[in-house]
Amino acid sequence: MLSHWRSSSTYEVEGLLHYKDLIPRLEVALGKFSKMDSAEVIQPVRTTVPLQKYNGFLGLMPAYLVHEDILCTKLVCFYKRESGSTLPSTQATVLLFDPEYGNVKAVMDGEVITAKRTAAVSAISAKLLMPAKSEVLTILGAGHQALSHYNVFTETFSFKEVRVWSRRKEMAERFAQSTQGHVTVWESVEEAVNGADVIVTVTGASEPVLFGQWVKPGAHVAAVGACRPDWRELDDVLMRQAEVYVDSREGAIAESGDIILSGAKVFAELGEVLNGTRPALREKTTVFKSLGMGIQDAVSAKLVFEQWKSKH
């Protein structure tokens, strides 16, 4: 009852969290969330504490999945770093509680959980929405999220070509060298996304870097960066011409600058597609705007804890 585990490193969590186990659990959680049953899933919109002095914020993301009996919260600090900074843009800690007694069961480094659950949900969006014959994947950005997205997308799908772009070319080159497969580095976003079937945006941009005129009709975009109401990665043309899917409507209209500033309408939550209550418009240009949810962290933390217990 009072057992308590603290992960010693990101590597320990990394070894306990696998996409093949995580993706099915996230699909179930997304579906339950979109049923809007407060007796099943309790998840307030993320609370943020601005850190204007340091150009960042602290986010608190609690969630309780009733039938799975998972009580969890993530605390994440996010910073808009200067170009060339070697400091991390995010640092996160996940707390898993015993919901009956209130004690902390586990304290986990949140970096791997955040990277993997975010990438896994993007892969779920692609599974539902990308063109039937998708051969070219482009990743805009070359940080931790870029690597987790590369790993899950190449593990889950069979792309013939993978491209990467970063504002700093040396980072893109380092990223390409770190992967197991062949990745080509491109000089410009326009060139990198030309003809791409799936585009993943995992940048630190606060102004649009991807423009609708560059995106081929029918492509799928998983937009992961720009997690504040005044930050954007995608321009008005793309947001207004695409069918927009989100993880949470409530979160998107409160937090997504891509949606708020463009005036784009949300077509559906991923959970609604998984539940069969809204269609997957695979033949159209689609955007999945990812903001991340507490239930995603909760499901991931429970899986990590179960794997750890089975090994000890």
Item to check | K216/D197 under salt bridge (charged side-chain N to carboxylate O under 4.0 Å, His left out): CA gap, chis, key distance, verdict | outcome: CA-CA 8 Å; K216 83 170 189 178; D197 301 294; 2.6 Å; yes
Item to check | Pair I199-V215, side-chain contact (heavy atoms from CB on, under 4.5 Å): steps then yes or no | outcome: CA-CA 9 Å; I199 303 167; V215 177; 4.1 Å; yes
Next on the checklist: Applying side-chain contact (heavy atoms from CB on, under 4.5 Å) to R167 and T203, what does each step give before you reach the verdict?
Outcome noted: CA-CA 9 Å; R167 202 179 302 273; T203 73; 5.6 Å; no
Checklist entry - Between S300 and L22, is a side-chain contact (heavy atoms from CB on, under 4.5 Å) present by the stated rule, with each step listed? => result CA-CA 7 Å; S300 304; L22 180 59; 3.4 Å; yes
Item to check | Trace of the side-chain contact (heavy atoms from CB on, under 4.5 Å) decision for T90 with T114 | outcome: CA-CA 10 Å; T90 62; T114 300; over 6 Å; no
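Hydrophobic clustering (ILVMFWY, side-chain heavy atoms < 4.5 Å, transitive): V224 and I259 are in distinct clusters. Residues L238 and F211 share a hydrophobic cluster, clusters being chains of Ile/Leu/Val/Met/Phe/Trp/Tyr side chains in contact below 4.5 Å. Put simply, L30 and M130 are part of the same group of oily side chains (I, L, V, M, F, W, Y) that touch within less than 4.5 Å, one to the next. Hydrophobic clustering of Ile, Leu, Val, Met, Phe, Trp and Tyr side chains at less than 4.5 Å, counting indirect connections, unites W214 with M239. Hydrophobic cluster membership is shared by F157 and V183, with clusters built from Ile, Leu, Val, Met, Phe, Trp and Tyr side chains linked at under 4.5 angstrom.
Counting heavy atoms from C-beta outward, D247 and Q296 have side chains that approach closer than 4.5 Å. Using a 4.5 Å heavy-atom threshold, the side chains of Y245 and E269 count as separate. With a 4.5 Å cut-off on side-chain heavy atoms, F267 and L281 count as touching. Side-chain contact between V209 and L234 is absent, with no heavy-atom pair separated by less than 4.5 Å. Side-chain contact between R282 and L129: absent, with no pair of heavy atoms (C-beta onward) separated by less than 4.5 Å. Taking the side chain as every heavy atom from C-beta outward, S256 and W231 never approach each other to under 4.5 Å. D21 is listed as a side-chain neighbour of H18, based on a closest heavy-atom distance under 4.5 Å. Using a 4.5 Å heavy-atom threshold, the side chains of K127 and T156 count as separate.
Ring orientation note: the planes of F175 and Y150 are nearly perpendicular, at an angle over 60° on the 30°/60° scale. Between W308 and F305, the ring planes lie parallel to each other; the angle is under 30°, not in the 30° to 60° tilted range.
With respect to the salt-bridge test (charged N to carboxylate O, under 4.0 angstrom), the residues E161 and R163 qualify. For the pair E68 and K32, the salt-bridge criterion is met [side-chain N within less than 4.0 Å of a carboxylate O]. With respect to R249 and E272, a salt bridge is recorded, a charged nitrogen being found less than 4.0 Å from a carboxylate O. Salt bridge present: D258 and K289 bring a charged side-chain N and a carboxylate O closer than 4.0 Å.
Atom CH2 of W165 is separated from atom OG of S188 by 9.0 Å, given to the nearest 0.5 angstrom. Note that the NZ atom of K74 and the CG atom of L95 stand 12.0 Å from one another [nearest 0.5 Å]. With values rounded to the nearest 0.5 angstrom, T48 atom OG1 is found 4.5 Å from R228 atom CZ.
Here the shortest heavy-atom pairing between L96 and C72 reads CD1-CB, 4.2 Å. Residues K20 and E155 share a closest heavy-atom pair of N-OE2, 4.2 Å. Pairing each heavy atom of A120 with each of L26, the nearest pair is CB-CD1, 3.5 Å. Nearest approach of V237 to Q213, heavy atoms of both residues: CG1-N, 4.4 Å. Here the closest non-hydrogen pair linking G110 and V94 is CA-CG2, 3.9 Å. The two atoms that bring L128 and A280 nearest to each other are O-CB, 3.3 Å, heavy atoms only.
Within a 6.0 Å radius of CD in E207, other residues, nucleotides and ligands contribute 12 heavy atoms or fewer. Annotation: Q307, atom CD; neighbour count of heavy atoms from other residues, nucleotides and ligands within 6.0 Å is above 12. Atom CD of E306 is surrounded by more than 12 heavy atoms from other residues, nucleotides or ligands within 6.0 Å.
Pairs engaging residues 270-301 under the ring-ring contact (aromatic ring centres under 6.0 Å, His included) rule: none recorded [sequence neighbours left out].
Of the N and O atoms on the side chains of W186 and T184, at least one donor lies less than 3.5 Å from an acceptor on the other residue. A donor-acceptor contact under 3.5 angstrom links the side chains of H67 and E40, judged on distance only. Residues E233 and T201 bring a donor and an acceptor atom of their side chains to less than 3.5 Å of each other.
With a 6.0 Å cutoff to the six-membered ring centre and a 45° limit on the axis angle, K116 counts as a cation-pi contact of Y19.
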